[in-house]
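When a residue number appears, it is its place in the shown sequence, counting from 1.
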Amino acid sequence: MELQYEKDSKERIPYEHYMELFQKADPAEISARTGIPYDKQSQTFNLHLLGVAYQVHFPDYVVTHDPESTVGYYPLEAAINARILVLRYLVEGHSAPSTGKYLTYRETPWGTVYLKQFQGRCLMSLAYGFGNKQEAFRSAMEKIGATPLEHGDIAYEFEVIDGFRVQMILWAGDDEFPPSSQILFSDNFPIAFQAEDMAVVGDISITMIKALA
């Protein structure tokens, strides 16, 4: 599989680091810790990312999506940031139930430290990408099986990875105010993901939405 990164890129070292840890891990322990099913016979984990079912082969991390999927965009097969995110979760993450509450990025551990970067990478990208293109936003959200919410001018909730959910809320701009957005994370996110990971979740989700709109 040809991945989208250069040999001197910032993604190379973390990708290779987590690949090494993944290949040395016990798949049964990964499954027990994360709750992601593992099929010993086929040597595959079965997980979902942004509305798509994937099979992740152990230990080589070859990923294939469900052949019946019609979404048309599959970041876990080739996008390096998505692959690192899932690798980190498999190697270090823990499943945990949500209480049903949602957190702003600022409310998560270390969120205030990375808030400025998150605002630029995610909130502004979402707002200016779809604040005044809400039908395109709606179309993309429907393709990943998102649930509409009664927030803002348009809002949807969707599952990022098994058990971890995100809400995206948009307000259209007008002559006086620019478009704006908010991204909320289910309150189990900080148990399994660091603040940097959650910014990557925003990146991956927005990139997928743009690809499907």
Problem - Evaluation steps, salt bridge (charged side-chain N to carboxylate O under 4.0 Å, His left out), between E142 and R138 - result: CA-CA 6 Å; E142 289 176 352; R138 187 190 316 277; 5.3 Å; no
Practice task
Indicate whether any N or O donor in one side chain lies under 3.5 Å from an N or O acceptor in the other, for T99 and D187.
Solution key: yes
Problem - Distance-only side-chain donor-acceptor flag, E159 / H48, under 3.5 Å - result: no
Practice task
Write down the atom of W171, the atom of G152, and the distance for their closest heavy-atom approach.
Solution key: NE1-CA, 3.3 Å
Handout entry: Criterion side chain to side chain contact (heavy atoms under 4.5 Å, CB included) on M198 and Y114, from CA distance to verdict
Key = CA-CA 10 Å; M198 294 166 70; Y114 296 100; over 6 Å; no
Practice task
Taking the side chain as every heavy atom from C-beta outward, state whether I84 and E11 have any atom pair closer than 4.5 Å.
Solution key: yes
Problem - Between OG on residue S181 and CG on residue L123, distance to nearest 0.5 Å - result: 4.5 Å
Problem - Spatial distance of atom CD1 (I183) from atom OG1 (T104) [nearest 0.5 Å] - result: 11.5 Å
Handout entry: T70 side chain to K143 side chain, donor-acceptor N/O pair below 3.5 angstrom
Key = no
Completion exercise
CZ (F22) and CG (D60) are apart, to the nearest 0.5 Å, by 8.0 Å
Problem - Pair Y105, Q119: side-chain N/O donor-acceptor within cut-off below 3.5 Å - result: no
Exercise for the section: Kindly indicate whether the side chain of L126, heavy atoms from C-beta on, has any atom under 4.5 Å from the side chain of P179. Expected result: no
Practice task
Locate the shortest heavy-atom distance separating P59 from M19; write the atom from each residue and the value.
Solution key: O-CE, 4.5 Å
Handout entry: hydrophobic_cluster_shared for F118 and Y102, side chain cutoff 4.5 Å
Key = no
Exercise for the section: May I ask you to test the Q23-F58 pair for a side-chain heavy-atom distance under 4.5 Å? Expected result: no
Fill in the blank from the handout: In this structure, CD1 of I144 is separated from OG of S139 (nearest 0.5 Å) by 11.0 Å
Exercise for the section: Search all heavy atoms of P109 against all heavy atoms of A195 and return the closest pair with its distance. Expected result: O-CB, 3.6 Å
Exercise for the section: Mark yes or no for whether E77, through its side chain, and H65, through its backbone, hold a donor-acceptor pair below 3.5 Å. Expected result: yes
Exercise for the section: State, with a plain yes or no, whether a side-chain heavy atom of L76 is found less than 4.5 Å away from one of V52. Expected result: no
Problem - Heavy-atom side-chain proximity of F45 to I30 below 4.5 angstrom - result: yes
Exercise for the section: List the atom of H57, the atom of S42, and the distance in Å for their closest heavy-atom pair. Expected result: CD2-O, 3.5 Å
Handout entry: F189-F193 aromatic ring centre distance below 6.0 Å
Key = yes
Problem - Same apolar cluster: Y128 and I209, side chain cutoff 4.5 Å - result: no
Problem - Distance-only polar pair, side chains of Y61 and R83, donor-acceptor under 3.5 Å - result: no
Handout entry: Check: Y38 and Q43 side chains under 4.5 Å, non-hydrogen atoms
Key = yes
Practice task
Group every Ile, Leu, Val, Met, Phe, Trp and Tyr by side-chain heavy-atom contacts under 4.5 Å, then state whether Y156 and L149 land in the same group.
Solution key: no
Practice task
Using the side chain to side chain contact (heavy atoms under 4.5 Å, CB included) rule, take T207 and Y73 through it: C-alpha gap first, then chi angles, then the decisive distance, then the call.
Solution key: CA-CA 10 Å; T207 299; Y73 180 74; 3.4 Å; yes
Practice task
Would you kindly say whether Y74 and T64 are connected by a side-chain donor-acceptor distance under 3.5 Å?
Solution key: no
Practice task
Begin from the C-alpha positions of L103 and L184 and carry the test side chain to side chain contact (heavy atoms under 4.5 Å, CB included) through to its verdict.
Solution key: CA-CA 5 Å; L103 307 172; L184 304 177; over 6 Å; no
Exercise for the section: Check whether any side-chain N or O of R88 sits under 3.5 Å from a backbone N or O of Q194 as a donor-acceptor pair, and report yes or no. Expected result: no
Problem - Aromatic contact, F164 with Y89 (centres under 6.0 Å) - result: yes
Fill in the blank from the handout: Interatomic distance, OG@S180 vs CE@M124, rounded to 0.5 Å, equals 11.0 Å
Handout entry: Nearest-0.5 Å distance that lies between atom CG in D203 and atom CG in D197
Key = 11.5 Å
Problem - Verify same cluster id: I36, L50 (apolar side-chain graph, 4.5 Å) - result: yes
Problem - Non-hydrogen atoms of S205 and F158 that approach each other most closely - result: OG-CE1, 3.7 Å
Practice task
Taking R106 for its side chain and L115 for its backbone only, find out whether a donor-acceptor pair lies under 3.5 Å.
Solution key: no
Problem - Flag side-chain contact, heavy atom, 4.5 Å: R121 against V200 - result: yes
Problem - Side chain proximity check, S125 to K210, heavy atoms < 4.5 angstrom - result: yes
Exercise for the section: For residues A127 and L170, report the shortest heavy-atom separation together with the two atoms involved. Expected result: CA-CD2, 4.0 Å
Practice task
Using the rule that two of Ile, Leu, Val, Met, Phe, Trp, Tyr join whenever any of their side-chain heavy atoms come within less than 4.5 Å, decide whether M168 and I204 are in one cluster.
Solution key: yes
Practice task
Give a yes or no answer on whether the side chain of N188 reaches the backbone of P97 with a donor-acceptor pair at less than 3.5 Å.
Solution key: no
